[in-house]
Amino acid sequence: MTNQFDFILFWPGVTCCLQQILGAMESQVGGGPAGPALPNGPLLGTNGATDDSKTNLIVNYLPQNMTQDEFKSLFGSIGDIESCKLVRDKITGQSLGYGFVNYSDPNDADKAINTLNGLKLQTKTIKVSYARPSSASIRDANLYVSGLPKTMSQKEMEQLFSQYGRIITSRILVDQVTGVSRGVGFIRFDKRIEAEEAIKGLNGQKPLGAAEPITVKFANNPSQKTGQALLTHLYQSSARRYAGPLHHQTQRFRLDNLLNMAYGVKRFSPIAIDGMSGLAGVGLSGGAAGAGWCIFVYNLSPEADESVLWQLFGPFGAVTNVKVIRDFTTNKCKGFGFVTMTNYDEAAMAIASLNGYRLGERVLQVSFKTSKQHKA
DNA sequence: TACAATT
């Protein structure tokens with residue numbers, strides 16, 4: 001593997017070759033964080049001073065499964081490496097998606113930026129740039145921002161935050177299909193104190209003439225996640241659960257549904273009558289899973305997962321998306337979730353049937369999602 | 001307990 005890299009990287013069209021080689025590496029959602037600069041084997045001179053500013057690089061957005069050896073091989077193809085480090089989670093050893101490379105020759109560092117920055121590896125486009133000197137003052141300077149107006153661009157967000165300090169990276173998360181903003185983003189400042197000031201100044205504030213205030217807080221660091229939560233997350237990501245005791249219930253729902261239709265239950269579609277004028281504020285929406293009716297499901301147990309929502313709503317018709325809202329730290333369900341259904345009639349039927357339904361010890365409350373809680 | 005979002 002290492003030799004393959006060394007050989008192929010001498011040739012033009014490196015991107016294509018690399019993608020073939022790395023194609024076997026498993027794709028993984030979630031980008032690498034723009035990590036804080038970390039000590040990278042500093043070599044202290046006799047005067048005790050070190051200047052790595054022209055040789056030490058930070059590499060962001062590496063594919064999740066790239067190994068230390070592959071990392072070293074890729075960047076070692078440019079020139080002699082003084083040291084390099086793929087940053088990994090302390091507990092699990094998983095790559096955090098970024099690393100550092102310190103070249104012997106500043107010219108090679110420059111060459112690495114010109115050659116490898118923007119290189120596409122699997123689903124990622126890697127970023128290669130000079131690393132800032134390691135310092136406590138630049139740690140924990142990453143902010144998570146939510147409630148942004150959907151129309152706000154990354155540039156506009158930067159303009160809003162730039163009054164508090166130097167921005168190192170920023171990002172607005174977008175719907176993968178439509179490309180529309182999800183109203184959530186990240187801002188990494190150069191200094192932690194700048195991030196603190198931005199929280200003081202902007203958290204709970206309305207940008208420009210925005211209708212709603214934004215939330216600004218320190219971003220959670222994936223490496224701070226507990227090992228248990230991480231394992232739970234990995235398990236939930238890959239496991240496909242099958243219904244146990246729930247199965248007979250879904251069969252009953254399906255039967256109810258068929259009976260209702262067979263006996264001509266009134267199927268009122270406001271769309272056909274008044275063009276949705278009576279439905280302002282309810283859950284018709286576009287989204288990653290396509291347009292549909294978003295349903296709010298309340299009183300789920302902390303252990304609830306997506307499969308229960310599929311099981312409950314699937315029998316009523318086309319379900320394009322389900323989501324259990326979890327606490328980011330504990331991975332426990334926060335008590336509610338969302339279901340998107342394509343057709344109004346089927347969504348209405350599901351709501352009418354499932355609202356008040358007892359699931360285990362809990363009575364579900366099911367309704368169309370409202371855009372704002374204070375609205376009726 | 002009541003309407004998300006974590007690169």
Side-chain angles (χ1 to χ4, degrees), chain A residues 28-36 58-64 87 89 95-98 123-127 140-150 152 154 157-158 167-178 180-188 212 214-225 229-230 233 237 281-285 287-289 293-302 304 306 309 321-340 351 355-356 361-376:
Chain A
Q28 184 107 7
V29 292
I58 181 168
V59 184
N60 283 298
Y61 310 117
L62 292 165
Q64 188 63 244
V87 179
D89 183 276
S95 166
L96 294 182
Y98 68 99
T123 61
K124 301 298 176 64
T125 301
I126 71 171
K127 177 185 176 185
D140 302 321
N142 197 27
L143 298 181
Y144 174 78
V145 187
S146 59
L148 292 166
K150 299 291 194 290
M152 181 177 277
Q154 179 182 349
M157 181 177 71
E158 285 200 3
I167 295 170
I168 300 301
T169 60
S170 74
R171 174 159 300 189
I172 288 180
L173 303 188
V174 299
D175 184 286
Q176 285 196 339
V177 173
T178 67
V180 70
S181 167
R182 295 167 68 195
V184 176
F186 294 89
I187 294 274
R188 178 181 293 278
E212 301 300 327
I214 61 174
T215 298
V216 185
K217 55 195 268 196
F218 284 108
N220 290 349
N221 186 324
S223 66
Q224 291 170 347
K225 213 172 202 182
L230 203 63
H233 175 74
S237 299
V282 301
L284 180 61
S285 66
W293 298 88
C294 191
I295 298 167
F296 174 63
V297 184
Y298 178 71
N299 214 14
L300 297 169
S301 86
E306 271 71 13
L309 293 179
N321 189 252
V322 302
K323 180 77 174 174
V324 168
I325 304 304
R326 295 183 173 86
D327 182 281
F328 193 78
T329 304
T330 66
N331 258 337
K332 297 292 186 185
C333 175
K334 292 165 86 169
F336 62 95
F338 298 97
V339 175
T340 302
I351 290 170
N355 185 40
E361 304 300 301
R362 295 163 176 271
V363 177
L364 298 183
Q365 296 174 45
V366 183
S367 64
F368 283 112
K369 179 185 182 300
T370 58
S371 51
K372 291 298 163 195
Q373 182 188 347
H374 61 264
K375 284 185 183 175

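Proteins get letters first, then strands, A, B, ... in listed order; numbering begins at 1 in each.
If you check B/dT7, B/dA4, B/dA5 against the side chain of A/Asn142, the one that comes closest is B/dT7. When distances run from any side-chain atom of A/Tyr298 to the nucleotides B/dA5, B/dT1, B/dT6, the shortest one goes to B/dT1. Proximity note for A/Tyr144 (side chain, C-beta onward) versus B/dT6, B/dA4, B/dT7: the nearest is B/dT6. Distances from the side chain of A/Phe338 to the nucleotides B/dA5, B/dT6, B/dA4 place B/dA4 closest.
Below the 3.5 angstrom threshold, one finds a donor paired with an acceptor across the side chain of A/Arg362 and the base of B/dT1.
In this structure, the CD atom of A/Glu212 is 11 Å from the P atom of B/dA4, given to the nearest Å. Atoms CD (A/Gln176) and P (B/dT7) sit 11 Å apart, rounded to a whole Å. The distance from atom CG of A/Asp175 to atom P of B/dA5 is 16 Å, rounded to the nearest whole Å. Regarding A/Met157, its CE atom lies at a distance of 11 Å from the C1' atom of B/dT7, rounded to whole Å. When rounded to the nearest whole Å, the span between CD1 of A/Ile214 and C1' of B/dT6 equals 16 Å. Between the CG atom of A/Leu148 and the P atom of B/dT7 there is a distance of 16 Å, given to the nearest Å. Between the CG atom of A/Asn331 and the P atom of B/dA5 there is a distance of 12 Å, rounded to whole Å. Here B/dT7 presents its C1' atom at 9 Å from NZ of A/Lys124, a figure rounded to the nearest Å.
Using a 4.5 Å cut-off on side-chain heavy atoms (C-beta onward), A/Val145 and A/Ile172 make no contact.
Note: A/Tyr144 and A/Phe186 meet the aromatic proximity criterion, with ring centroids under 6.0 Å apart. Under the 6.0 Å cut-off for aromatic ring centres, A/Phe296 and A/Phe368 do not qualify, their centroids lying 6.0 Å or more apart.
For the pair A/Arg171 and A/Glu158, the salt-bridge criterion is not met [side-chain N within less than 4.0 Å of a carboxylate O].
Residue A/Leu173 is in sugar-phosphate contact alone, with no base atom involved, counting any heavy-atom pair closer than 4.0 Å across all strands shown.
A donor and an acceptor atom, one from each side chain of A/Arg326 and A/Asn331, are nowhere located under 3.5 Å apart.
OP1 or OP2 of B/dT6 has at least one side-chain nitrogen or oxygen of A/Arg182 nearer than 4.0 Å. For A/Lys334, a side-chain nitrogen or oxygen approaches OP1 or OP2 of B/dA5 to under 4.0 Å.
Residue ring and base: A/Phe186 does not count as stacked with B/dT6 (centre distance below 5.5 Å and interplanar angle below 30° not both satisfied).
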